[in-house]
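These notes are about the structure you will find just below.
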Number of protein chains: 2
Amino acid sequence: MSPHFGLVKRTTRELMLHFNNSLFGGRFQSVLGIMSKGVNLRELSNRLKLSQTTVSRALNGYPEVSAETRKRVAEMAEELGYAPNSQARRLATGRSMAIGHVIPRSIHEMMNPIFLEFIAGAGETYSKHGYDMIISVVEDDHEEDAYRQIATRKKADGVIVHGPAADEHRHKLLKEINLPFVVHGRIPGAESETTWVDMNNRRAFERATNLLLDLGHKRIALLNGLEHMDFARRRRKGFEDALAERGLAADTAIMRSSDMTEPYGCDNAMEMLKSDSPPTAFLVSSMISAIGVARAIGQCGLETGKDVSIITHDDALSFLPNSGEVPIFTCTRSSVRYAGQRAAELLLDIVASPQREPSSLHLDAELIIGQSTGPVPGR
Amino acid sequence: MSPHFGLVKRTTRELMLHFNNSLFGGRFQSVLGIMSKGVNLRELSNRLKLSQTTVSRALNGYPEVSAETRKRVAEMAEELGYAPNSQARRLATGRSMAIGHVIPRSIHEMMNPIFLEFIAGAGETYSKHGYDMIISVVEDDHEEDAYRQIATRKKADGVIVHGPAADEHRHKLLKEINLPFVVHGRIPGAESETTWVDMNNRRAFERATNLLLDLGHKRIALLNGLEHMDFARRRRKGFEDALAERGLAADTAIMRSSDMTEPYGCDNAMEMLKSDSPPTAFLVSSMISAIGVARAIGQCGLETGKDVSIITHDDALSFLPNSGEVPIFTCTRSSVRYAGQRAAELLLDIVASPQREPSSLHLDAELIIGQSTGPVPGR
DNA sequence: TCCGGCATCCAAACCGCTTTGGATTTAACT
DNA sequence: AGTTAAATCCAAAGCGGTTTGGATGCCGGA
């Protein structure tokens, strides 16, 4: 309005500065909080007597802006507490800046603690890169629908596939709807065409079994996870391979497959220990079940690590630490949280450059000696 | 273009139907999948020779649309696989249709399994109501920032406050930035001005203590959660109240407060049991730690439920079932998953009508007799 | 002096949906 | 028959950003 734009501008700005600092900086911080909610790009650019274009570019680091202007913009943005509305930005850029995790209700019952630990790891990566993590808990028969919704409604730029089954199919759907994904675990038969992060389940259980065999154990029980899951199949394979190599056959009478709860471990161990030919060692797929096994051993008046040995897989869950100089359980350990971090990184890579070739990360589990193993008694 | 719009339209539509069914319905499903991704409202309305307004209204159930038109729209939408872009809808409506959960890294270590179970419950409610759940894992010193971002960038319509501390402050921030929230637990001193869902921690532990006292136990150990958390304080209060009522004083020598891990239970129980005046009963804040206590008891050559009693709080975690006719542990039980469902419902209510008065839900824990309690030995 | 090139900045289009404020047609009522 | 009200539908204006395609001013080189 006035021809002296430059002057007026500076004056106004200084006034505003003063205004904010004195009036709002002090006891009315809450008022500022409420006000700052309303500051959008238009308002900010008006205040600066700049176009939205320039302000946007200044804030997003584009080169077409002078250093001085950029500084001014940054300061004013800070002052007014401006932050871009994510929905608007998402709409404009076409990227939702979010990664989805679909959890069917039934599956997450079983994956419970391991899943959370993975999520925690992935979440760290996401927030480091400015991504949101959205989790959908859906009824089992809505799983496919959930993925489709994510794609068509553009809710997320990619998803993590949890707990691949032995006869997995989700990867086909995801390719069909063109939704980037990373698998936690492996999809049998699709290893080379999908990006995944997994630990070496077969090898880990093979090594664990060998250790028990070396200790003289011949009758080894396997308390596995649900064997319609890929990871459980691989573990079983490792177990059987190790036995076979020494000319031993696995005895299905002392092999179980189920959700890895504590009572599962206890009940089955109890039953086996009371049988005619009880196992002298247990190979268990989860710390939680292993705790149950230990309880059963105790209830039978036996001692873990002396009368009966246990090796368990340890996902390094934070609420079930199995560390210290000599951990409670001898275990094959692999941090599932770390897997989450890495899987998230791979996924963000794919989202950033979708043409990228599938890659994979094979984590090795450590075999760590704890208190729960010893030579077979009476050897 | 042609004056025979009606006719042309129908013909075209039938052609499309035919086209889709024969060509895409079969082996080219994936192509349809990719195509359907691109169908937006404009395209859909063009196809229908209707305005976007009408189509939008038809799909969203507004009354200004004839039944016939609505049907036509619905069919075509289904056929083309149309689903509204959530970012666009969010921008237009101003509601993000998402609920946020902020988890500082340090805290979620300790809340781990309980947190997940709560999340699972809340997630069910969200998806039932078309809301997304977004989880932010943040460094501890970025927590406040995370909440501010959610508000100013409009990432979520509300948040759940997890694990309120004894000296909680988040509710002030959230009121300041005008972000609706529901507390899981209670904020001391702000009970009436916040909406919350909590169980009756004090009462539950009082009842549990009374049961032990009735069984003749006089020396009762308390393995509590971290007592800078509100829930743990209340539990301690219940414990102390019950003792006081019988003229007994709590002995801090057998009281502990920490993250509720398994070794925490085992190590502390072990130490106490080996002391000069060991407790005859343990009151424990978590199943996980209780398992540790049971392990310690076993290692001391004692029997749980006979030589030493345990009562634990049981959050009804799905991977740690403590059910059956006679559960392993005598416990105070309250389903944290249910709490999650209800908290989510309350939050969605608030989001829908923000002027609503604060309300609260006080869940009662059941006291359930299991195998881990018995009369004090030698009574 | 004239021109091309660079550094800055801007107006306007666009992302895909909702919603306001009519316009048009049809049915209903004096 | 004339007027109203109801039923339908639409054009256009947002929502709050990003991005395209210039405009403007200033400089050195010919």
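A note on names: the letters A, B, ... follow the listed sequences, proteins ahead of strands, and every chain is numbered from 1.
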[X] has an atom [atom1]; how far is it from atom [atom2] of [N], in whole Å?
{"X": "B:Gln52", "N": "C:dG16", "atom1": "CD", "atom2": "P", "result": "10 Å"}
{"X": "B:Met97", "N": "C:dG16", "atom1": "CE", "atom2": "P", "result": "20 Å"}
{"X": "B:Arg95", "N": "C:dT18", "atom1": "CZ", "atom2": "C1'", "result": "13 Å"}
{"X": "B:Tyr82", "N": "C:dT18", "atom1": "OH", "atom2": "C1'", "result": "10 Å"}
{"X": "A:Glu64", "N": "C:dG5", "atom1": "CD", "atom2": "P", "result": "18 Å"}
{"X": "A:Leu91", "N": "C:dC15", "atom1": "CG", "atom2": "P", "result": "9 Å"}

- Message: For a 4.5 angstrom cut-off between non-hydrogen side-chain atoms, does B:Ile350 reach B:Pro180?
- Response: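 Of all side-chain heavy-atom pairs linking B:Pro180 with B:Ile350, at least one is under 4.5 Å.
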
- Message: Using heavy-atom distances to pick each residue's nearest nucleotide on DNA chain D, tell me which of B:Ala92 and B:Ser51 is more 5'.
- Response: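 Upstream on the strand: B:Ser51.
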
- Message: Tell me whether the side-chain N/O atoms of B:Asn60 come closer than 4.0 Å to OP1 or OP2 in C:dT18.
- Response: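 Yes, because at least one side-chain N or O of B:Asn60 sits under 4.0 Å from OP1 or OP2 of C:dT18.
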
- Message: For a quick test of reading the model: is some side-chain N or O of A:Ser66 closer than 4.0 Å to OP1 or OP2 of C:dC9?
- Response: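 Yes.
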
- Query: Should B:Phe181 and B:His171 be marked as a ring pair (Phe, Tyr, Trp, His ring centres under 6.0 Å) after you check the CA-CA gap, both sets of side-chain angles, and the distance that decides it?
  - Reply: CA-CA 8 Å; B:Phe181 66 97; B:His171 61 299; 7.2 Å; no

- Message: The test is side-chain contact (heavy atoms from CB on, under 4.5 Å); show your working for A:Met133 and A:Ile99 and say whether it passes.
- Response: CA-CA 5 Å; A:Met133 171 165 71; A:Ile99 300 297; 5.8 Å; no

Classify the nucleic acid contact of [X] as base, sugar-phosphate or nothing, counting any heavy atom under 4.0 Å across all strands shown.
{"X": "A:Gln87", "result": "nothing"}
{"X": "B:Thr53", "result": "base"}
{"X": "A:Ser86", "result": "nothing"}

- Answer yes when A:Arg72 and A:Glu75 have at least one side-chain N-carboxylate O distance shorter than 4.0 Å, and no when they do not.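 No, this pair does not count.
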
- Query: Does the distance from a Lys or Arg side-chain N to an Asp or Glu carboxylate O, for A:Glu176 and A:Arg148, drop under 4.0 Å?
  - Reply: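 So A:Glu176 pairs with A:Arg148 through a salt bridge.
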
- Query: Between the two ends of the helix from C:dT1-D:dA30 to C:dT30-D:dA1, what is the bend in degrees, rounded to 10 degrees, where each end axis spans five pairs?
  - Reply: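 Rounded to the nearest 10 degrees, the bend comes out at 60°.
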
- Task: Evaluate the criterion side-chain contact (heavy atoms from CB on, under 4.5 Å) for residue pair B:Ser45 and B:Leu48; output intermediate values, then yes/no.
- Result: CA-CA 5 Å; B:Ser45 58; B:Leu48 286 159; 5.6 Å; no

- salt bridge (charged side-chain N to carboxylate O under 4.0 Å, His left out) partners of B:Arg89, counting only residues at least two apart: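 Residues passing salt bridge (charged side-chain N to carboxylate O under 4.0 Å, His left out) with B:Arg89: none at all.
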
- Decide yes or no on side-chain contact (heavy atoms from CB on, under 4.5 Å) for B:Arg95 and B:Tyr131, but give the supporting numbers first. CA-CA 10 Å; B:Arg95 308 211 309 170; B:Tyr131 272 73; 3.6 Å; yes

- Tell me, please, which residues at least two apart from B:His101 pass ring pair (Phe, Tyr, Trp, His ring centres under 6.0 Å).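 Partners of B:His101 under the ring pair (Phe, Tyr, Trp, His ring centres under 6.0 Å) test: B:Tyr126, B:His162.
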
- Task: Find the distance between OH (B:Tyr82) and CZ (A:Arg153) and round it off to the nearest 0.5 Å.
- Result: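 Between B:Tyr82 OH and A:Arg153 CZ, I get 8.0 Å after rounding to 0.5 Å.
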
Each nucleotide N or O in nucleotides 22-28 of chain C that has a protein N or O under 3.5 Å away: list the pair and distance.
none

- If you find the nucleotide of DNA chain C closest to B:Asn85 and the one closest to A:Thr69, which residue's nucleotide is nearer the 5' end?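 Result: A:Thr69.
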
Throw together a table of side-chain donor-acceptor distances under 3.5 angstrom for residues 50-58 of chain A, partners on residues two or more places apart or in other chains.
{"from": "A:Ser51", "atom 1": "OG", "to": "A:Thr53", "atom 2": "N", "distance (Å)": "3.4"}
{"from": "A:Ser51", "atom 1": "OG", "to": "A:Thr54", "atom 2": "N", "distance (Å)": "3.1"}
{"from": "A:Ser51", "atom 1": "OG", "to": "A:Thr54", "atom 2": "OG1", "distance (Å)": "3.1"}

- Query: Does A:Glu168 use its side chain to pair, donor to acceptor, with the backbone of A:Arg170 at less than 3.5 Å?
  - Reply: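 Checked: pair present.
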
- Message: Can you tell me which nucleotide in C:dC15, C:dT18, C:dT8 comes closest to the side chain of B:Ser56?
- Response: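 Taking heavy atoms from C-beta onward, the closest nucleotide is C:dT18.
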
- Query: Going 5' to 3' on DNA chain D, which nucleotide is the first and which the last to come under 4.0 Å of a heavy atom in chain A?
  - Reply: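 The contacted stretch runs from D:dC15 to D:dG21.
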
